[in-house]
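Please find one structure pasted underneath; my questions will follow.
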Amino acid sequence: MPAEAIGKLRSAWDEGLGTRLNENNAAGLIRELSVGERAESAWRELETLLRAGNDEGWKILAAMLDAGAGPTLARYRAEGIGEDVFIATMGAFSRFVEESKVRYGSYRFDRAFWTWRQTSLRIFRLGALEYETTKGMETPACILEAGGLTEPVRAVSVHIPSDADLSPAAVDASLSAWHEFAMRHRRQWADASLWCESWLLAPALERLLPPNSRILAFQRRFSIVQVHADAPDWREWIFDCNPSPIAELPEDTALRRTAKRYLLGGGSIGVGVGVLRTARR
């Protein structure tokens with residue numbers, strides 16, 4: 001994590017965070033961040049406790065890192081999951097902080113709504129991709145329908161980190177790593193469908209990218225079962241959350257130039273939802 005961000009974390013702690021956590025018996029909430037069925041509600045309670053003032057998320061980040069370095073790591077060790085997987089998965093925290101600098105001009109942490117998944121051993125990063133175990137109503141209806149299923153089932157949601165290597169070899173290696181990991185640590189998900197919801201699966205990208213694009217190669221691994229044409233994810237992932245009118249968006253990459261022209265012409269990019277056709281192993 002950048003030195004400036006580490007300094008802000010230390011300042012948040014020095015300003016009495018540790019005392020506040022102790023006074024409010026928050027140690028229990030921090031432990032619950034590592035427990036799947038309690039992690040989301042523990043995050044919400046900690047947000048209420050720690051979001052006093054505009055601290056740019058440093059207090060909740062400190063609490064989550066405390067969970068990661070304590071009970072989460074202990075669970076990894078108890079389950080025999082390698083520390084290489086732990087380090088790769090927890091890398092989401094520093095990645096999100098670094099992304100904030102580009103998007104907002106200063107370091108901050110605005111992803112606590114997401115990272116309870118990392119602390120609760122629900123998301124694992126294996127190589128290029130992340131894998132989130134989902135079940136019940138967490139699985140989109142369109143995924144169930146695509147598989148001819150009428151009842152909620154276990155499924156695995158594939159996420160693409162911003163620093164992912166989407167070369168075919170790297171994706172193949174990650175999918176193989178997931179299969180091996182699931183067979184060893186998550187047998188109940190070993191044969192589950194893998195699905196993905198992302199702007200990278202938007203069919204409109206075929207008009208914006210060259211045929212040999214790594215993004216398109218990744219997209220073709222999936223059967224697209226639903227498209228949310230008006231989803232605004234393109235602004236976050238292509239233009240780093242730039243709030244400017246489309247006509248004023250930057251054109252400093254080939255994708256940005258092409259996407260901007262497409263959007264100015266009335267096109268939409270949206271988000272695709274897809275089921276992995278075959279996992280190469």
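Treat the numbers as computed from the prediction; the structure is a model and nothing was measured.
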Original post:
Where do Ala170 and Ala128 come nearest, in terms of heavy atoms and distance?
Top reply: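 Where Ala170 meets Ala128 most closely, the heavy atoms are O-CB, 4.1 Å.
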**OP:** Verify the ring-centre separation between Tyr131 and Phe124: is it less than 6.0 angstrom?
**Re:**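 No, ring centres 6.0 Å or more apart.
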**OP:** Please check if the side chain of Ser94 supplies one atom and the backbone of Met1 the other of a donor-acceptor pair under 3.5 Å.
**Re:**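 Between the backbone of Met1 and the side chain of Ser94 there is no qualifying donor-acceptor contact (under 3.5 Å).
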Original post:
Honestly curious: do Trp237 and Leu166 fall in one hydrophobic cluster under the side-chain, below-4.5 Å linking rule?
Top reply: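 Looking at the clustering, Leu166 is in the same group as Trp237.
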Original post:
Rounded to the nearest 0.5 Å, how far apart are OG1 of Thr133 and CD of Gln188?
Top reply: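 If we round to the nearest 0.5 Å, Thr133:OG1 and Gln188:CD are 8.0 Å apart.
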Original post:
At what distance, to the nearest 0.5 angstrom, does CG of Leu73 lie from CE of Met90?
Top reply: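 Rounded to the nearest 0.5 Å, the CG-CE separation comes to 8.5 Å.
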Original post:
Got a donor-acceptor contact below 3.5 angstrom from the Arg75 side chain to the Ser34 backbone?
Top reply: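 Yes: the side chain of Arg75 pairs with the backbone of Ser34.
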Original post:
Salt bridge between Lys260 and Glu251, side-chain N to carboxylate O under 4.0 Å?
Top reply: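 Yes, this pair counts.
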Original post:
How far apart are the closest heavy atoms of Leu263 and Ser268, and which atoms are they?
Top reply: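 That would be CD2-CA, 4.5 Å.
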Original post:
Are Leu276 and Val158 close enough that some pair of their side-chain heavy atoms sits under 4.5 Å apart?
Top reply: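 Sidechains of Val158 and Leu276: no contact.
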Original post:
Does one hydrophobic cluster hold both Tyr76 and Val35, with members joined at side-chain heavy-atom distances below 4.5 Å?
Top reply: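 Unlinked, Tyr76 and Val35 end up in two clusters.
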Subject >> Residue pair Arg187 / Met183: nearest heavy atoms and the distance that separates them >> reply: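 Shortest heavy-atom separation between Arg187 and Met183 comes out as CD-O, 2.5 Å.
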Original post:
Could you walk me through whether Thr134 and Val156 pass the side-chain contact (heavy atoms from CB on, under 4.5 Å) check?
Top reply: CA-CA 6 Å; Thr134 65; Val156 176; over 6 Å; no
**OP:** Please lay out, stage by stage, how Cys196 and Leu201 fare under the test side-chain contact (heavy atoms from CB on, under 4.5 Å).
**Re:** CA-CA 8 Å; Cys196 181; Leu201 268 58; 4.0 Å; yes
**OP:** To the nearest 0.5 Å, tell me how far Leu200 CG sits from Gln219 CD.
**Re:**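 So the gap between those two atoms works out to 8.0 Å.
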**OP:** Check the pair His159, Trp114 against ring-ring contact (aromatic ring centres under 6.0 Å, His included), reporting the backbone distance first and the verdict last.
**Re:** CA-CA 12 Å; His159 303 293; Trp114 183 257; 5.0 Å; yes
Original post:
Are Asp172 and Arg221 ion-paired here, with the side-chain N under 4.0 Å from a carboxylate O?
Top reply: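 Yes, this pair counts.
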Original post:
More than 12 heavy atoms of other residues, nucleotides or ligands under 6.0 Å from CZ of Arg207: is that the case?
Top reply: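 At most 12 heavy atoms, drawn from other residues, nucleotides or ligands, come within 6.0 Å of this atom.
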**OP:** Indicate yes or no: at least one non-hydrogen side-chain atom of Trp195 is less than 4.5 angstrom from one of Phe222.
**Re:**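 Trp195 does not reach Phe222 side chain to side chain.
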Original post:
For Arg103 and Asp240, which heavy atoms make the closest approach, and how far apart are they?
Top reply: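 Heavy atoms only, the tightest pair is CG-O, 3.3 Å.
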Subject >> Side-chain donor/acceptor of Asn242 to backbone N/O of Ser244, under 3.5 Å >> reply: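 Confirmed, Asn242 side chain pairs with Ser244 backbone.
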**OP:** Nearest 0.5 Å please: distance from the CZ atom of Arg125 over to the OG atom of Ser174.
**Re:**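 Arg125 CZ to Ser174 OG: 8.5 Å, rounded to 0.5 Å.
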Subject >> Donor-acceptor under 3.5 Å (Thr258 side chain, Ala254 main chain) >> reply: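 It does hold such a pair.
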Original post:
Taking C-beta and beyond as the side chain, do Glu197 and Ser157 meet within less than 4.5 Å on heavy atoms?
Top reply: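 They are not in contact (no side-chain heavy atoms under 4.5 Å apart), so the answer is no.
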Subject >> Salt bridge flag under 4.0 Å for residues Glu99 and Arg111 >> reply: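 Salt bridge: yes.
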Original post:
Is the count of non-hydrogen atoms from other residues, nucleotides or ligands lying under 6.0 Å from Arg184 atom CZ greater than 12?
Top reply: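 Count not over threshold, so no.
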**OP:** For side-chain contact (heavy atoms from CB on, under 4.5 Å), just list the numbers for Val271 and Trp234, CA-CA rounded to whole Å, side-chain angles, deciding distance to a tenth of an Å, and then say yes or no.
**Re:** CA-CA 8 Å; Val271 163; Trp234 57 268; over 6 Å; no
Original post:
Just by modelled atom types, is the Ala5 backbone N or O under 3.5 Å from a matching donor or acceptor in the Trp58 side chain?
Top reply: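 Looks like no, no N/O pair under 3.5 Å.
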**OP:** Enter the distance from Arg44:CZ to Trp116:CH2 here, rounded to the nearest 0.5 Å.
**Re:**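 Here the interatomic distance stands at 8.5 Å.
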Original post:
Transitively linked via ILVMFWY side-chain contacts under 4.5 Å: Val102 with Phe109?
Top reply: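 No, no single cluster joins them.
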Original post:
Is there a side-chain contact between Glu79 and Leu121, using heavy atoms and a 4.5 Å cut-off?
Top reply: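 Yes, close enough: below the 4.5 Å cut-off.
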Original post:
Side-chain contact, heavy-atom cut-off 4.5 Å: Thr119 with Phe93?
Top reply: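 SC-SC contact between Thr119 and Phe93 confirmed.
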Original post:
Are any side-chain N or O atoms of Thr253 and backbone N or O atoms of Arg256, one a donor and one an acceptor, separated by less than 3.5 Å?
Top reply: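 Pair found, side chain donor or acceptor close to backbone of Arg256.
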**OP:** State whether Arg117 and Glu130 are salt-bridged, where the test is any N-O pair (Lys NZ or Arg NE/NH1/NH2 against Asp/Glu carboxylate O) under 4.0 Å.
**Re:**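 So Arg117 does not pair with Glu130 through a salt bridge.
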Subject >> Proximity of His228 and Trp199 rings by center, below 6.0 Å >> reply: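 Ring centroids of His228 and Trp199 are no less than 6.0 Å from each other.
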Subject >> Step-by-step side-chain hydrogen bond (donor to acceptor under 3.5 Å, both in side chains) determination, Arg277 to Ser223 >> reply: CA-CA 6 Å; Arg277 292 193 175 97; Ser223 296; 3.2 Å; yes
Subject >> Close side-chain approach of Leu255 and Ile238, heavy atoms under 4.5 Å >> reply: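 Side chain of Leu255 against side chain of Ile238, heavy atoms only: contact under 4.5 Å found.
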Subject >> Electrostatic pair Arg257-Asp252, nearest N-O below 4.0 angstrom >> reply: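 Salt bridge: no.
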Original post:
Is any side-chain heavy atom of Arg235 closer than 4.5 Å to a side-chain heavy atom of Leu249?
Top reply: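 In contact.
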Subject >> Heavy-atom pair of closest approach, residues Gly80 and His185 >> reply: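 In this case the closest contact between Gly80 and His185 is O-CE1, 3.3 Å.
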Original post:
Would a 4.5 Å heavy-atom cut-off, applied to side chains only, mark Tyr104 and Asp110 as touching?
Top reply: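 Side-chain contact under 4.5 Å: yes.
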Subject >> Contact summary for Phe86 and Gly68, nearest pair of heavy atoms >> reply: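 Minimum heavy-atom separation between Phe86 and Gly68: CZ-O, 3.3 Å.
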Original post:
In Å, rounded to the nearest 0.5 Å, how long is the span from OH of Tyr107 to NZ of Lys101?
Top reply: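 Reported value, rounded in 0.5 Å steps: 5.5 Å.
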**OP:** Go through the steps to decide whether Tyr262 and Ile246 satisfy the test side-chain contact (heavy atoms from CB on, under 4.5 Å), and finish with yes or no.
**Re:** CA-CA 10 Å; Tyr262 179 68; Ile246 294 175; over 6 Å; no
